[in-house]
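Heads up, the thing below is written out as structure tokens.
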Amino acid sequence: MPRTLFDKIWDLHLVGQRADGRDLLYIDRHVLHELHAHHGFAYLQKQQRKVHRPDLTFAVQDHTVATKPGRDDDTNPTGAAFIKAMREGTRRNGIRLFDVGDPEQGISHVVAPEVGIVLPGATHAVPDSHASTVGGLGALAFGCGTTEMTHVLATQVMALKRPKRMRARLDGRLGAHVSSKDVALRLIAELGVAGARGYAVEYGGSAILAMPIEQRMTLCNLNIEMGGRSGFVAPDDATFAWLAGRPYAPQGAMWDRALEHWRTLITDDDAAFDREVVLDCHALEPQITWGTDPSQVVGISGRVPEPATLDASRRPAAESAFAYMGLQPGTALLGLPVNRVFIGSCTNSRLPDLEVAAAVVRGRRVAAGVAAMVVPGSSTVKREAEAAGLDRVFRDAGFFWGESGCSMCAGGNGDRGAPGERIVSTTNRNFENRQGPKTRTHLASPATAAASAIAGRIADVRQVLAGAA
Amino acid sequence: MQPFSSHTAVAAPLLRDDINTDQIAPVMHGRDLKEDYKVTLFYRARRRDDGSEDPDFILNKPQFRDAGILVTGNNFGAGSSRESAVWAMVANNIRVIVAKSFADIYRENCLQNGVLPIVLTAQEADDLTARVVAANGAAPFTVDLVSQRISGPGGAEMPFDIAAADRIRLLEGLDDIGLTLKHMNEIASWEQRIAAAQPWLQTAKDSR
């Protein structure tokens, strides 16, 4: 019987079924972060249990770490206890920690692929809803809660109900300065914030095939913003080339053997999906959110929608978003004055994201009155960007250039906007108060964020580069 | 985990869809690993800009201060996977959430903590909401997991569905990790088999 790639990965990892009917799914790689890990370590200690596979478990300090140059554990006073508990817990349990100061520290979803911890066809768990970022490499990932994380620590399996399968086919060639961030925002707008709830999503189509791996990761990262726990792209030659030689990936003869298997990781012709959606990306312009959930999206040339044009079910949320965002229906997004710009987060902080932003910024200045900030997704990204001189480009233009971490995405490290500020951000959630109390977040691509920093207002990168804005 | 059989409490209506975990349990910026989850629950929604209590927020109204059941719309618990968004419910003795639908991870987190997530059809949910609004906290509702019924003022008993396995887990307060530990032999044999068939999955070493 023809099978989807999802089913192939699931079936391989199926250890057994519990008495309550849940599938026990083996987790090949488990990555912890400091906000949640201490709960798990404390539980195991109390129960006198061990981590079942510390050698398949990794840990990263990312949510609470400061981004100030020269930072240490205490630079963010509300992070110190978490950072120290993580260090102590991983030491006691024999887990490799990418600690503050480690040359490979960074955001878990950036670090794990970068060092080759993530592999095509492997299962992956992180106590963070953006776990499926690594689906960009063809891994099947699950964001989880704290108790589920502890469950994986103790057993190396998750007890899951098999989700349904969705295929999202993204067709067409992306226009200049349009990226997978724009594609993802448009897809979330079309399907809604619960559109993929209960599904594992396979992304395919010509737009995906042409997408560099980092952009595939951005797309899979945003899968949870339409309610999907797992989203992935079938691995291809671009994936294998990207992964080859990374330190934790298989090497030599083992690589060859793995590669042979990875080439079978495709959905069979005629395999059935529970739902199929198609998005034509051919004429897509840069996208931006106007409201307070990631489905409230318009093209950059668009306007805040009139309630009458919205589906009735979306009107109450829209009304509340108008008030929170300080926007009237019918207002054009282009030209709205911006107070702050943030480029970073597990969504858009990899080297190509910074290269795109730097290309916009090069030789220009951040507009007066705009606080602009770049936080590389990992210390490796930071080092590579500096080697290419990107830090100079950003600094010369007036950007803050920070140490790696989650930073302003959720503000867990104290990096936040001030009340009332309008922020263009390359992150994943524009929820109320997310980037600081009463902040007004517009989600967009690195190119749009960079262009808006230069213009001092929400800008179309194509116009900024043409000198027309 | 605290077993759940029946819960009698005031029910409060949260008449919105897509209430996310940032709203339910915002990042609190505490310096301590131990957070006061009772305070965390809807921390921002409960307060006005000057930090004083917002009397208009539903759970601040005198009749709903001790609410132990929430009735809400679609996609409750969207967003971050933070389990504090369920611990904050438990800390406030909210043991039942009735919704038109739940975000996947949030529903799992409820089951891990003895909180009963009930999904009703839109029509049933609207009927129950109307009764909860009409009761206005004056009389409690009872949610009984043994008989799978909701009862209370303003109408007949209302049956609800829940997967048999989830029901038993809540009724018996079963520890999820304990359930899986019974399968460690199967886990070990899977590891052995895969170590031979796809060895790269069973090792993650730094090759440098």
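Below, chain A is the first sequence line, B the second, and so on; all start at residue 1.
Annotation: cation-pi pair A/Arg246/A/Tyr248 absent, no NZ/CZ under 6.0 Å from the ring centroid and within 45° of its normal. Within the cation-pi definition used here (under 6.0 Å to the ring centroid, within 45° of the axis), A/Arg96 qualifies as a partner of A/Phe98.
Listed options B/Leu33, B/Thr21, B/Ile168 were ranked by heavy-atom pairs under 4.5 angstrom with chain A; first place goes to B/Leu33. When the candidates A/Met149, A/His52, A/Arg49 are compared by the number of heavy-atom contacts under 4.5 Å with chain B, A/His52 comes out ahead. The choice from B/Ile194, B/Ile187, B/Asp49 that makes the most heavy-atom pairs within less than 4.5 Å of chain A is B/Ile187. Most heavy-atom pairs under 4.5 Å with chain A: of the set B/Gln112, B/Lys182, B/Gln23, this distinction falls to B/Gln112. Contact count against chain B (heavy-atom pairs under 4.5 Å) is highest for A/Cys144 among A/Gly21, A/Ala85, A/Cys144. For the options A/Ala131, A/Ala154, A/Ser129, heavy-atom pairs under 4.5 Å to chain B are most numerous at A/Ser129. Highest contact tally toward chain A, considering only B/Asp176, B/Val86, B/Leu179, B/Leu181, is held by B/Asp176 [criterion: heavy-atom pairs under 4.5 Å]. Contact tally against chain A (heavy-atom pairs below 4.5 Å) for B/His29, B/Glu186, B/Met184: the top residue is B/His29. Of the residues considered (B/Met28, B/Arg193, B/Arg44, B/Glu191), B/Glu191 shows the highest number of contacts with chain A, using heavy-atom pairs under 4.5 Å.
B/Leu111 touches chain A through its side chain: at least one heavy atom from C-beta onward sits under 4.5 Å away, while N, CA, C and O do not. For B/Asn74, no part sits under 4.5 Å from any heavy atom of chain A, backbone or side chain. Heavy atoms of B/Asn20 lying under 4.5 Å from chain A belong exclusively to its side chain. Using a 4.5 Å cut-off between heavy atoms, A/Glu104 touches chain B through its side chain atoms alone. For B/Arg107, the part lying near chain A is the side chain, with the backbone staying farther off; criterion is any non-hydrogen pair under 4.5 Å.
Taking the six-membered ring where tryptophan is involved, the planes of B/Tyr106 and B/Phe102 are essentially parallel, since the angle between them stays under 30° and well short of 60°.
Remark: the backbone N or O of A/Tyr26 is paired with a side-chain donor or acceptor of A/Thr123 at under 3.5 angstrom.
Donor-acceptor pairing under 3.5 Å is recorded for the side chains of B/Asp18 and B/Asn75.
Salt bridge status for A/Arg429 with A/Glu225: present, with a side-chain N to carboxylate O gap under 4.0 Å.
The environment of B/Gln192 atom CD is sparse: at most 12 non-hydrogen atoms of other residues, nucleotides or ligands sit within 6.0 angstrom.
Going from atom CG of A/Asp23 over to atom CE of A/Met158 covers 12.0 Å, rounded to the nearest 0.5 Å.
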